[in-house]
Number of protein chains: 2
Amino acid sequence: MATVPETKVNHGPTLAKVPIFSGLTEGELAFLLQRAIPRRYVAGEIVFGEGEPCLGMYVVESGHIRIFKSSSGGREHVLSVDGPGSSVAELPVFDGGSYPASAAAVDDATLLFVSKQDFHALCLAHPQVTLKVLRVVGARLRRLVGIIEELSFTTVRHRLASFLLRLAQKEGKRASEGIQVALPASNQELASQIGTVRELVSRNLSRLQAEGMLQLDGRHVLILDLKALEEASQASE
Amino acid sequence: MATVPETKVNHGPTLAKVPIFSGLTEGELAFLLQRAIPRRYVAGEIVFGEGEPCLGMYVVESGHIRIFKSSSGGREHVLSVDGPGSSVAELPVFDGGSYPASAAAVDDATLLFVSKQDFHALCLAHPQVTLKVLRVVGARLRRLVGIIEELSFTTVRHRLASFLLRLAQKEGKRASEGIQVALPASNQELASQIGTVRELVSRNLSRLQAEGMLQLDGRHVLILDLKALEEASQASE
DNA sequence: TTCCAGCTGTGACATCAGTCACATGCACCC
DNA sequence: GGGTGCATGTGACTGATGTCACAGCTGGAA
């Protein structure tokens with residue numbers, strides 16, 4: 001219902017900025033644009049579900065998309081959150097299988113849908129596009145391997161500390177102390193991004209605060225002692 | 001020292017059987033073969049280490065290769081074990097980064113090394129090869145997502161049961177009971193394949209036997225009650 | 001305002017995972 | 001045969017993880 005196509009907006013600039021399509025000529029972008037279907041999603045809406053046959057890939061135009069696995073018990077583990085300019089599900093398009101995980105809109109979002117057939121045709125016509133896809137996919141694979149590493153070797157405390165550090169890094173390079181970062185909308189969401197449950201997030205945040213590394217303020221965190229946080233994020237042995 | 005090139009053997013048949021190179025003409029295979037460097041490894045020898053700059057990809061000709069992550073505390077988590085005909089490290093070749101995990105020979109093994117440059121050239125000249133690489137990589141990504149799912153939602157008991165079921169599946173489709181499967185060389189190795197330590201493998205194997213699902217016999221297991229094992233492999237809720 | 005829904009913080013608790021220590025068993029080599 | 005080295009099996013224990021229950025807070029709707 002909320003996935004009504006809209007035709008009045010110009011989606012060209014979006015496509016040109018997507019890493020895997022950079023380097024295409026005007027004409028090629030136009031070709032792609034003609035076939036890309038814009039779709040709008042409201043916050044929380046499902047884009048596709050794990051196990052569904054893969055019909056095509058998506059490019060994020062605005063908003064953010066959560067890629068996640070869910071357990072039969074209702075828990076979720078977020079694999080990545082992608083913002084404007086990111087491509088989603090480039091990979092399952094190729095191996096013919098179903099989507100390996102589900103995707104949902106975090107906030108209100110607009111995506112461009114490119115069908116499997118069109119994408120294939122584009123890749124065959126432009127080998128460099130395929131190579132770029134491989135580069136993007138490489139980054140994705142690295143992230144997954146990193147998640148596995150964290151899950152099998154570290155504790156919730158470690159993962160929470162690294163998560164905060166990652167936020168701080170994005171936030172800017174103000175060398176010294178006092179970096180302010182914004183947490184995900186809820187502890188539940190944060191928990192599913194680091195592979196645990198909300199109670200442990202709450203407890204560990206409090207503990208880090210008690211240890212003087214940070215200052216909680218609702219959904220914001222002021223990082224007071226970067227060094228200590230870094231230590232806490234490293235596996236003990 | 002054990003990585004002495006050998007030139008007397010004909011490696012052509014191997015290359016032709018590798019999924020990502022299937023469909024190439026005789027001439028193209030010959031081109032590739034000329035540039036592929038055979039290398040031999042003894043059991044346990046390291047092929048490449050996590051973090052090293054990626055110089056090229058490998059094709060397994062004989063033996064088996066373990067891809068794994070290791071923690072600072074000495075624990076390891078095996079991401080995959082690849083046998084003859086598999087390609088290894090196809091992905092990091094493309095994104096310019098370092099190897100995301102380490103690789104070592106399980107048994108004595110022969111690999112064909114293809115340099116980054118040669119592989120790139122081949123992909124540019126043959127877009128279908130690139131597409132096949134993407135298919136292979138897709139499978140790899142699915143496996144990684146599966147590992148993450150198991151790690152974050154299930155217990156050691158579940159993972160051990162699924163592991164045994166996977167072995168049983170490979171072993172053959174003899175519908176009824178009494179499937180015999182071979183375990184990895186040591187419980188330590190099995191442990192690092194399902195993300196735990198050897199003691200828990202030992203205990204859980206014993207427990208599954210006590211519950212009548214299987215019969216231990218050194219490094220072999222006779223699966224007595226497939227249904228019960230399947231139940232044990234499913235997340236409880 | 002009041003009410004309600006959803007989120008947060010926390011204590012109590014059950015279970016799981018991992019470590020340490022040690023005894024046993026097995027193969028291989030001298 | 002005896003010793004050495006390596007893998008296994010087990011018990012005891014510690015700490016991490018996750019569940020349940022409940023109380024308090026907040027923001028929005030009626």
Side-chain angles (χ1 to χ4, degrees), chain A residues 43-44 70-77 106 148-163 182-211 214-221 232-233 235-237, chain B residues 43-44 70-77 106 148-163 182-211 214-221 232-233 235-237:
Chain A
S70 39
S71 82
S72 38
R75 271 179 61 190
E76 293 180 348
H77 194 130
V106 177
I148 292 175
E149 179 176 20
E150 286 196 340
L151 283 178
S152 47
F153 301 143
T154 79
T155 68
V156 169
R157 177 183 164 87
H158 292 307
R159 304 204 288 277
L160 181 57
S162 341
F163 182 85
L183 297 179
S186 72
N187 281 353
Q188 177 61 67
E189 173 61 22
L190 205 174
S192 67
Q193 291 195 23
I194 63 175
T196 183
V197 294
R198 66 165 196 86
E199 288 95 330
L200 288 193
V201 167
S202 173
R203 269 194 252 272
N204 278 282
L205 275 176
S206 304
R207 193 170 146 211
L208 291 177
Q209 182 177 41
E211 290 168 328
L214 42 85
Q215 175 76 40
L216 295 174
D217 171 26
R219 292 281 93 198
H220 289 268
V221 171
S233 78
S236 40
E237 44 170 354
Chain B
S70 38
S71 81
S72 38
R75 273 181 59 192
E76 293 181 349
H77 195 130
V106 177
I148 293 175
E149 180 176 21
E150 286 196 340
L151 283 178
S152 48
F153 300 143
T154 79
T155 67
V156 170
R157 177 183 164 87
H158 293 307
R159 303 205 288 277
L160 181 56
S162 339
F163 183 84
L183 297 179
S186 73
N187 280 353
Q188 178 60 66
E189 173 61 23
L190 205 175
S192 67
Q193 290 195 25
I194 64 175
T196 181
V197 294
R198 66 165 195 89
E199 289 95 329
L200 290 192
V201 167
S202 172
R203 269 194 252 272
N204 278 282
L205 275 176
S206 305
R207 193 170 147 209
L208 291 178
Q209 182 178 39
E211 290 169 327
L214 44 86
Q215 175 76 40
L216 295 175
D217 172 27
R219 292 281 92 199
H220 290 267
V221 171
S233 78
S236 42
E237 44 167 355

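Computed from a predicted model, the values in this text were never measured in an experiment. Reminder, nothing fancy here: chain letters follow the sequence lines and each chain counts from 1.
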Peer 1: Over all strands shown, is B/Arg75 touching base, sugar-phosphate only, or nothing at heavy-atom distances under 4.0 angstrom?
Peer 2: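 Sugar-phosphate contact only.
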Peer 1: Report the distance from atom CG of A/Asp217 to atom CD of A/Gln209, rounding to the nearest 0.5 Å.
Peer 2: 9.5 Å
Peer 1: Roughly, in whole Å, what's the span from CZ in A/Arg159 to C1' in D/dA16?
Peer 2: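 Between C1' of D/dA16 and CZ of A/Arg159: 10 Å.
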Peer 1: What integer distance in Å separates B/Gln209:CD from D/dT8:P?
Peer 2: 15 Å
Peer 1: Just so I know, are the side chains of A/Leu208 and A/Arg157 near enough to count as touching, which here means a heavy-atom distance under 4.5 Å?
Peer 2: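 A side-chain contact under 4.5 Å exists here.
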Peer 1: Any heavy-atom pair between the side chains of A/Val201 and A/Gln188 that's under 4.5 Å?
Peer 2: no
Peer 1: Between A/Ser152 and A/Ala185, which has a closest nucleotide on DNA chain C that is more 5'?
Peer 2: A/Ala185
Peer 1: Round to the nearest Å and state the distance from B/Ile194 atom CD1 to C/dC16 atom C1'.
Peer 2: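 To the nearest whole Å, that distance equals 14 Å.
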Peer 1: Nearest 0.5 Å please: distance from the CG atom of A/Asn187 over to the CD atom of A/Glu199.
Peer 2: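 Spacing of CG (A/Asn187) from CD (A/Glu199) equals 9.5 Å.
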Peer 1: Atom CG of A/Leu183 to atom P of C/dC7: distance rounded to whole Å?
Peer 2: 15 Å
Peer 1: Without decimals, in angstroms, what is the distance between B/Leu160 CG and C/dA17 C1'?
Peer 2: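 Between C1' of C/dA17 and CG of B/Leu160: 14 Å.
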Peer 1: Kindly determine whether A/Leu160 and A/Leu200 satisfy side-chain contact (heavy atoms from CB on, under 4.5 Å), including the steps that lead there.
Peer 2: CA-CA 10 Å; A/Leu160 181 57; A/Leu200 288 193; over 6 Å; no
Peer 1: Whole angstroms only, please: what is the CD-P distance between B/Glu189 and D/dC6?
Peer 2: 17 Å
Peer 1: Atom CG of B/Asn204 to atom P of C/dA17: distance rounded to whole Å?
Peer 2: 7 Å
Peer 1: Could you list, one pair per line, each protein nitrogen or oxygen that sits under 3.5 Å from a nitrogen or oxygen of nucleotides 13-15 of chain D, together with the distance?
Peer 2:
none

Peer 1: Just how far, in rounded Å, is P of C/dT19 from CZ of A/Phe153?
Peer 2: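 In whole Å, C/dT19 P lies 11 Å from A/Phe153 CZ.
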Peer 1: For D/dC6, take OP1 and OP2 only and decide whether either is under 4.0 Å from a side-chain N or O of B/Ser186.
Peer 2: no
Peer 1: Can you tell me how far apart OG (A/Ser152) and CD1 (B/Ile194) are? Round to the nearest 0.5 Å.
Peer 2: 12.0 Å
Peer 1: For B/Gln215, check side-chain hydrogen bond (donor to acceptor under 3.5 Å, both in side chains) against everything at least two apart and list the hits.
Peer 2: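 By the side-chain hydrogen bond (donor to acceptor under 3.5 Å, both in side chains) rule, B/Gln215 matches no residue at all.
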Peer 1: At what distance, to the nearest 0.5 angstrom, does CZ of A/Arg219 lie from OG of A/Ser186?
Peer 2: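 Answer rounded to 0.5 Å: 6.5 Å.
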Peer 1: In Å and rounded to the nearest 0.5 Å, what is the CD to OG distance from A/Glu150 to B/Ser71?
Peer 2: 13.0 Å
Peer 1: Between protein and nucleic acid, restricted to nucleotides 9-12 of chain C and to nitrogen or oxygen atoms under 3.5 Å apart, what atom pairs and distances do you find?
Peer 2:
from: C/dG9; atom 1: OP2; to: A/Asn187; atom 2: ND2; distance (Å): 3.1
from: C/dG9; atom 1: OP2; to: A/Ser202; atom 2: OG; distance (Å): 3.1
from: C/dG9; atom 1: N7; to: A/Arg198; atom 2: NH1; distance (Å): 3.3
from: C/dG9; atom 1: O6; to: A/Arg198; atom 2: NH2; distance (Å): 2.8
from: C/dG11; atom 1: N7; to: A/Arg203; atom 2: NH1; distance (Å): 3.0
from: C/dG11; atom 1: O6; to: A/Arg203; atom 2: NH2; distance (Å): 3.3
from: C/dA12; atom 1: N6; to: A/Arg203; atom 2: NH2; distance (Å): 3.3

